[in-house]
Student: 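Structure provided below as structure tokens; questions to follow.
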Amino acid sequence: LADTTRTATSDEVRVAIEALTPQEVKRLALVGRAYARSLGDQGDDLVAEALHRALDGRRKWKPDSVGFLPFILGVMKSVRREYFADTEIDGDAKVDAVSAPAPNAERTLIAVQTLEACEREFADDHEVLLLIQGFREDKTGTEICAELGMTRSEFETVRRRMTRHLAGWKSTRRRTGA
Amino acid sequence: VPRKPLTAEEILARMVEEVADDLLAVDDVALADLLRDSGIDEQRLLAEGQQSIAAAAERADAAVRQRVRKDFENASTAAVERAFRLPSDLVKRRRLLTDAVRRNPGLGPGVTLQHRDLSELSDDDVTKQLEKLVELGLIGDEGDSD
């Protein structure tokens, strides 16, 4: 039986990075772009930072419990949160609304501007705006589906449109000239 | 109970997390379609990802090099401190240097004793030369000379 608590060594992390296929590298870069843009293009290279933390053991990968790509995406998620809060979050700690550090004021403003710009870009796609409204109300995918009378598959189609747009999202700061 | 509305930052976080989940879930064919539909240059995207990987490896390697250097410095300092502590008395220091030079006429690089007449050296110079000899392991067996 696999030991799901076993932590990968730095060498194992290196091997996993080297084994990433070109398509996986593209997925990683794409998520990195979306994350960076959601920070108003103010952040560091989140992909590099997440991989670095995995390599130096600050974030521990349990290879028998989770795939490398989902693990790195999870690290990027917490790095992004940290960037916003201006503090390093313990990699293994669970962050919720209560324990999350207070946000940085300047970045809060950037987030407001970025979200506004983003919603303007979806002005012609009512369903994506409804999806964002569901997120605003902290609703789960299931709740959004129930409220909007969508099937899961329809929800995913709308989400895919949002992904497609955000994947090709040009910098809002450059667009608005800010 | 109505939930507290999320902040702009939290909404953006949720959006990109949904994007990440979606990108993780799509198969390679759907990913290729998505990239094409979004007008993304695949080669450029791939190069971008590879650059991030190279940057991560470089950061990790630099950190390892720095750690090794620091460990070495700490070990050297600890070894020197363990091996020998210079006498506080300046006359004893001068005598110690004189003895060391007498014992080691062919002192190696790192120790510059142009003035064979050690009496010409200042107290500071005597201390510096002794410290170099300690580093080189040429003094140390005597223990604390105080």
Side-chain angles (χ1 to χ4, degrees), chain A residues 10 14 17 20-35 37-39 45-52 54-56 69-70 73 76-77 80-81 84 97 103 107-108 111-116 118 131-132 135-139 141 156 159-160 162-168, chain B residues 1-68 70-71:
Chain A
S10 182
R14 275 180 196 273
I17 292 174
L20 288 172
T21 66
Q23 290 302 91
E24 286 173 328
V25 174
K26 286 178 205 168
R27 282 172 212 262
L28 210 47
L30 216 44
V31 176
R33 279 187 183 185
Y35 271 39
R37 285 166 193 164
S38 76
L39 291 168
D45 179 343
L46 290 192
V47 178
E49 182 58 26
L51 292 171
H52 179 204
L55 280 166
D56 73 10
L69 206 55
L73 294 185
M76 285 169 68
K77 185 172 158 181
R80 182 191 180 281
R81 208 180 278 142
F84 184 75
R107 286 170 195 167
T108 299
V112 169
Q113 291 171 339
T114 304
L115 181 61
E116 283 173 357
C118 181
L131 205 64
I132 296 173
F135 298 156
R136 189 188 306 278
E137 292 168 14
D138 198 17
K139 295 202 162 115
E156 277 166 14
R159 184 171 77 165
R160 179 66 46 81
M162 183 178 79
T163 299
R164 190 178 294 126
H165 188 89
L166 294 189
Chain B
V1 179
R3 270 164 262 178
K4 191 179 157 203
L6 299 188
T7 62
E9 153 56 20
E10 289 165 335
I11 297 166
L12 284 168
R14 173 77 185 274
M15 286 168 70
V16 288
E17 282 160 20
E18 292 282 347
V19 167
D21 286 348
D22 196 22
L23 288 170
L24 204 59
V26 294
D27 60 28
D28 287 353
V29 175
L31 180 69
D33 288 347
L34 191 147
L35 293 175
R36 193 182 49 248
D37 292 349
S38 309
I40 291 171
D41 180 337
E42 287 199 46
Q43 288 314 308
R44 196 168 157 193
L45 186 67
L46 181 61
E48 205 173 290
Q50 285 165 337
Q51 268 175 15
S52 296
I53 290 172
E58 174 52 36
R59 286 183 204 177
D61 289 346
V64 168
R65 284 197 299 273
Q66 194 180 8
R67 197 162 53 241
V68 167
K70 186 89 184 151
D71 286 351

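Hydrogens, waters and symmetry mates are skipped; everything else that's a heavy atom, side chains included, is used. Chain naming here is simple, since letters A, B, ... match the order of the sequence lines and numbering starts at 1 in each. None of the values given here were measured: they were computed from a predicted structure.
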Student: Does a side-chain heavy-atom distance below 4.5 Å link D22(B) with R160(A)?
Tutor: yes

Student: Between chain A and each of R67(B), E48(B), E18(B), count heavy-atom pairs under 4.5 Å; write down the option with the most.
Tutor: E18(B)

Student: Taking the side chain from R27(A) and the backbone from L23(B), do they hold a donor-acceptor pair closer than 3.5 Å?
Tutor: yes

Student: Given heavy-atom pairs under 4.5 angstrom as the criterion, report whether the side chain, backbone, both or neither of E116(A) touches chain B.
Tutor: neither

Student: Spell out, as yes or no, whether a donor-acceptor pair under 3.5 Å connects the side chain of R59(B) to the backbone of L51(A).
Tutor: no

Student: Checking V64(B) against chain A: side chain, backbone, both or neither under 4.5 Å from a heavy atom?
Tutor: neither

Student: Quick one: what part of D56(A) sits under 4.5 Å from any heavy atom of chain B, side chain, backbone, both or neither?
Tutor: neither

Student: Inspect the contact between R80(A) and E9(B) and indicate whether a charged nitrogen and a carboxylate oxygen are less than 4.0 angstrom apart.
Tutor: yes

Student: Test side-chain contact (heavy atoms from CB on, under 4.5 Å) on L30(A) and L31(B) and set out the steps.
Tutor: CA-CA 10 Å; L30(A) 216 44; L31(B) 180 69; 4.1 Å; yes

Student: What part of Q23(A) is in contact with chain B, defined as an atom under 4.5 angstrom from a non-hydrogen atom: side chain, backbone, both or neither?
Tutor: both

Student: With a 4.5 angstrom heavy-atom cut-off, is it the side chain or the backbone of L20(A) that approaches chain B, or both, or neither?
Tutor: side chain

Student: What part of I53(B) is in contact with chain A, defined as an atom under 4.5 angstrom from a non-hydrogen atom: side chain, backbone, both or neither?
Tutor: both

Student: Measure distances from K26(A) to the heavy atoms of chain B and classify the residue's part below 4.5 Å as side chain, backbone, both or neither.
Tutor: both

Student: Which residue out of E42(B), E58(B), Q51(B) racks up the most heavy-atom pairs below 4.5 Å with chain A?
Tutor: E42(B)

Student: Mark yes or no for whether S10(A), through its side chain, and L55(A), through its backbone, hold a donor-acceptor pair below 3.5 Å.
Tutor: yes

Student: Below 4.0 angstrom, N of the basic side chain to O of the carboxylate: do E10(B) and R14(B) qualify?
Tutor: no

